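The chains referred to below are lettered A, B, ... by the order of the sequence lines, with proteins before strands, and numbering in each begins at 1. Given the structure is predicted, the values throughout are model-derived calculations rather than measurements.
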Amino acid sequence: MSEQRIGSALPLELPAVAKELTQENIERYGRASGDINPLHMKPDVAASSRFEGTIAHGMLVLAFISEAMTKQFGVEWLRSGRLQVKMRNVAKPGDTVTAGGTLKSIDERDGDFQAAYAVEARNQQGEVLISGDAVVRVPK
Amino acid sequence: MFEAGRELDFGAVRFDEATVSRYLVAVLDEAMAELNGAGEGAFVPPLAIAAQFSKGVSEMDLPLEALHTGQELEFLKPVAVGSEVQCSGRIVSNRQRGEIILVQLEFETRDAEGDVVMSGKTTLLLPAEASR
């Protein structure tokens, strides 16, 4: 594979995914996933928590990073993707979350390329909500 | 509740079209919808499969302020819409550090053929006081 071909298959930046979170989105995710912890679903209960209100599920915010990888790599992400992340800050209703990533390395493994991206999701203030690594195999 | 070594069975879920559609609307995911319309087949979003595990964990009577602080996932095989998968796991470790307890859990999800389609590790941070 030429360097140009590698460059077109493995961009330096993942396509950014931006989403506005609302309480309605969070509750819809809770119902769809079955994770109905009151910290996400019940504003009156969550008001007494240290967050003073509801927060989004970490797996909802992580889904935005997975969407960025799916956008770029399609079914290869579903077939060979790996994620390793830390949840660093919480997302709240009203936040706009932007997920994306930057190419860290390309290795050859078993005849394919293996691309590693530093991935993250940030809120509208630029605070990192989730950060870590995503790895995907890309056929030559 | 979180003793290391405890085995966890999160049961089976069938990801039919309606279930996947509800999930995609909930996560506002346009990329999976595009992929599933591209003719390569219709697949379940991997994070929808992982959510089966987080749902199971959320049902373990967690204190309100339990926090999900770390996640590892490995996707091994695309899962077609309409498939049933089975999720099981175990508590790997449970360590108290001052006022917090760090719990690490691992899981794997298998399809009807018995193939592992996904595995992962989750780290939770629990307030020690509320977890006693």
Q) Looking at Arg22(B), Lys121(B), Gln52(B), Met32(B), which makes the most heavy-atom pairs under 4.5 Å with chain A? A) Met32(B)
Q.
When you measure from the side chain of Glu65(B) to the backbone of Arg50(A), do you find a donor-acceptor pair of N or O atoms at a distance under 3.5 Å?
A. yes
(Q) Before you tell me yes or no, could you show the steps for Gln71(B) and Leu62(A) under side chain to side chain contact (heavy atoms under 4.5 Å, CB included), namely the whole-Å CA-CA distance, both residues' side-chain angles and the distance that decides it to 0.1 Å? (A) CA-CA 9 Å; Gln71(B) 186 66 55; Leu62(A) 188 57; 3.9 Å; yes
Q | Residue Glu30(B) versus chain A: region with a heavy atom under 4.5 Å | A | both
Q) Is Val79(B) reachable from Val81(B) through a run of I, L, V, M, F, W or Y residues, each pair having side-chain heavy atoms under 4.5 Å apart? A) yes
Q) Which region of Leu67(B), side chain (C-beta onward) or backbone (N, CA, C, O), has a non-hydrogen atom less than 4.5 Å from a non-hydrogen atom of chain A, or is it both or neither? A) side chain
Q. Got a sec: does the CD of Gln124(A) have more than 12 other heavy atoms crowding it under 6.0 Å?
A. yes
Q.
Please tell me whether Ile101(B) and Met60(B) are part of a single hydrophobic cluster in this structure, the criterion being side-chain heavy atoms less than 4.5 Å apart.
A. yes
Q) Hey, any chance Leu8(B) and Phe2(B) share a hydrophobic cluster, counting ILVMFWY side chains that come within less than 4.5 Å of each other, even indirectly? A) yes
Q | Separation of His68(B) NE2 from Ile55(A) CD1 (nearest 0.5 Å) | A | 11.0 Å
Q. Tell me, do Leu64(B) and Pro38(A) make a side-chain contact under 4.5 Å, heavy atoms counted?
A. yes
Q) Checking heavy atoms, do the side chain of Ala38(B), its backbone, both or neither come under 4.5 Å from chain A? A) neither
(Q) Atom CD of residue position Gln125(A) - does it have more than 12 heavy atoms of other residues, nucleotides or ligands inside 6.0 Å? (A) yes
Q) When rounded to the nearest 0.5 angstrom, what is the spacing between CG in Leu47(B) and OG1 in Thr70(A)? A) 8.0 Å
Q: Taking heavy atoms only and a threshold strictly under 4.5 Å, list by residue number the residues of residues 93-103 of chain A that touch chain B; give 'none' if the list is empty.
A: none
Q: Give a yes or no on whether Ile36(A) atom CD1 has more than 12 heavy-atom contacts from other residues, nucleotides or ligands under 6.0 Å away.
A: no
(Q) I need the contact set between residues 77-84 of chain A and chain B: heavy-atom distance under 4.5 Å, sorted by residue number. (A) Trp77(A), Leu78(A), Arg79(A), Ser80(A), Gly81(A), Arg82(A), Leu83(A), Gln84(A)
Q: State yes or no: do Tyr23(B) and Ile26(A) share one hydrophobic cluster built from I, L, V, M, F, W and Y residues joined by side-chain heavy-atom distances below 4.5 Å, directly or via other members?
A: yes
Q | Under 4.5 Å from a heavy atom of chain B, the part of Val45(A) involved | A | both
Q.
Any non-hydrogen side-chain atom of Ser66(A) less than 4.5 Å from a side-chain atom of Pro45(B)?
A. no
Q) Where on Glu76(A) is there a heavy atom nearer than 4.5 Å to chain B: the side chain, the backbone, both, or neither? A) neither
Q.
Looking at every non-hydrogen atom in both residues, tell me the closest pair between Ala51(B) and Tyr29(A) and how far apart they are.
A. CB-OH, 3.8 Å
Q: Locate the shortest heavy-atom distance separating Ala63(A) from Val27(B); write the atom from each residue and the value.
A: CB-CG1, 4.0 Å
Q.
Check this for me: Glu3(B), atom CD, are more than 12 non-hydrogen atoms of other residues, nucleotides or ligands nearer than 6.0 Å?
A. yes
Q) Should we say atom CD of Glu17(B) is surrounded by more than 12 heavy atoms from elsewhere, each under 6.0 Å from it? A) no
(Q) Atom NZ of residue position Lys92(A) - does it have more than 12 heavy atoms of other residues, nucleotides or ligands inside 6.0 Å? (A) yes
Q: Let me know if Val57(B) has heavy atoms under 4.5 Å from chain A in its side chain, its backbone, both or neither.
A: neither
Q: Answer with side chain, backbone, both or neither: which region of Leu35(B) has an atom nearer than 4.5 Å to a non-hydrogen atom of chain A?
A: side chain
Q) Got a second to check how far Leu60(A)'s CG is from Ser54(B)'s OG, nearest 0.5 Å? A) 10.5 Å
Q) Atom CD1 of Ile65(A) and atom CG of Leu73(B): how far apart are they, to the nearest 0.5 Å? A) 11.0 Å
Q. Transitively linked via ILVMFWY side-chain contacts under 4.5 Å: Ile106(A) with Phe73(A)?
A. yes
Q. Asn37(A) versus chain B, heavy atoms under 4.5 Å apart: side chain, backbone, both or neither?
A. side chain
Q: Against chain B, work out which of His57(A), Met69(A), Arg88(A), Met59(A) has the most heavy-atom pairs shorter than 4.5 Å and name it.
A: Met59(A)
(Q) Quick check for you: among Glu67(A), Lys86(A), Arg28(A), which has the greatest number of heavy-atom pairs under 4.5 Å with chain B? (A) Glu67(A)
